Each structure stands twice: as C-alpha cells, then as structure tokens.
Amino acid sequence: MIGPEEDIWMDMVEQFLALVIYPTTAEAQARQADNLLKMAADRVRLLPGFLGARVFLSEDGESLVTLTEWSDRESFQQFRQSDFGRAAVQLSAGLNQKAYWLRQHATVPAP
C-alpha cells in the first residue's frame, strides 16, 4: 500500500502518450529508426503540444518502438488530423504496427 510518505507523484496534468510497436528485421531496424528520428526532428517536434519522442530498438532486431509525448490528447489528435499526420498514418498503414494510446497515471522517481 502506498502511504503519504512515499515519493510517488500522481500527475494532475493529463499528458498523452502514443506508444507504437513496429515489426521489422535486424537488417532494416536501424535505417527505419533513423527515418523516424528524422521525421520527428524535422516536423513533429515543431507541432503544438509536442513534448518529446523516443525511439527504441529491440535487442532481437524484430521490433522498433516509438514513444511520443504530448501535452494533451487534443494536441495528438490535431497532429493526426493534419496533412502531415494523415500522410504518416497512410505510410505506416501496411506495417502491421501495434499502437497504444496512453494516459500517464503516476511517476516513480529514483531516490
């Protein structure tokens, strides 16, 4: 049970996270990750409400994982409805990715 003395922050701000897992191959993984990074650096990071993005590579080379953080769900929805967002959705439509739209519940900081 978590007591009041615990250093756990329940976030009042309704940040929104998009976690997407893309299947890939070991040969294509780094190239695809670099393409996603370039897209985020060139376009997505300039959008209203965008807070940050991370790209992860699975050790087995079979997955590429992206995590984008938005100030709120509305900012994410505006991205998805923009010309750029719609184009990104179309490009990734055939990749059989698994997407999770997440709300942050709590943060547990290191001591």
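No experiment lies behind these values; they were computed from the predicted model shown.
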Open item on the list: Please report the interatomic distance CZ(Phe79) to CZ(Arg43), rounded to the nearest 0.5 Å.
Closed with: 9.5 Å
Task: Same cluster (ILVMFWY, side-chain, under 4.5 Å), Leu67 and Ile21 - done: yes
- [ ] Report the distance from atom OG of Ser71 to atom CZ of Phe50, rounding to the nearest 0.5 Å.
- [x] 11.0 Å
Task: Smallest separation among heavy atoms of Trp70 and Pro48, with atom names - done: CZ3-O, 4.0 Å
Open item on the list: Would you compute the distance between atom CG of Leu51 and atom CZ of Arg45 and round it to the nearest 0.5 angstrom?
Closed with: 13.5 Å
Open item on the list: Quick one: does any side-chain atom of Gln29 pair with a main-chain N or O of Ser63 as donor and acceptor, under 3.5 Å?
Closed with: yes
Task: Same apolar cluster (I L V M F W Y, side chains within < 4.5 Å links), Leu36/Trp101 - done: yes
Task: Rounded distance [0.5 Å steps], CZ in Arg54 versus CG in Leu19 - done: 11.5 Å
TODO: Determine whether Leu17 and Tyr100 make a side-chain contact, defined as any pair of heavy atoms from C-beta on separated by less than 4.5 Å.
DONE: no
TODO: Quick one: list whatever passes side chain to side chain contact (heavy atoms under 4.5 Å, CB included) with Gln97, sequence neighbours left out.
DONE: Val20, Tyr22, Ser92, Leu95
TODO: Working to the nearest 0.5 Å, report the span between CD of Gln15 and OG of Ser75.
DONE: 10.5 Å
Open item on the list: When you compare the side chain of Phe84 with that of Met39, does any pair of heavy atoms fall below 4.5 Å?
Closed with: yes
Open item on the list: Restricting to non-hydrogen atoms, name the atom on Thr107 and the atom on Gln104 that form the minimum distance, rounded to 0.1 Å.
Closed with: OG1-NE2, 2.7 Å
- [ ] Identify whether Val65 and Leu102 are in the same connected component of the hydrophobic contact network (ILVMFWY, side-chain heavy atoms under 4.5 Å).
- [x] yes
Open item on the list: Can you tell me if Arg86 has over 12 outside heavy atoms packed within less than 6.0 Å of its CZ?
Closed with: yes
Task: Taking every non-hydrogen atom, the tightest pair across Asn96 and Pro23 - done: O-CD, 3.5 Å
Open item on the list: Looking at every non-hydrogen atom in both residues, tell me the closest pair between Ala33 and Leu64 and how far apart they are.
Closed with: CB-CD1, 3.6 Å
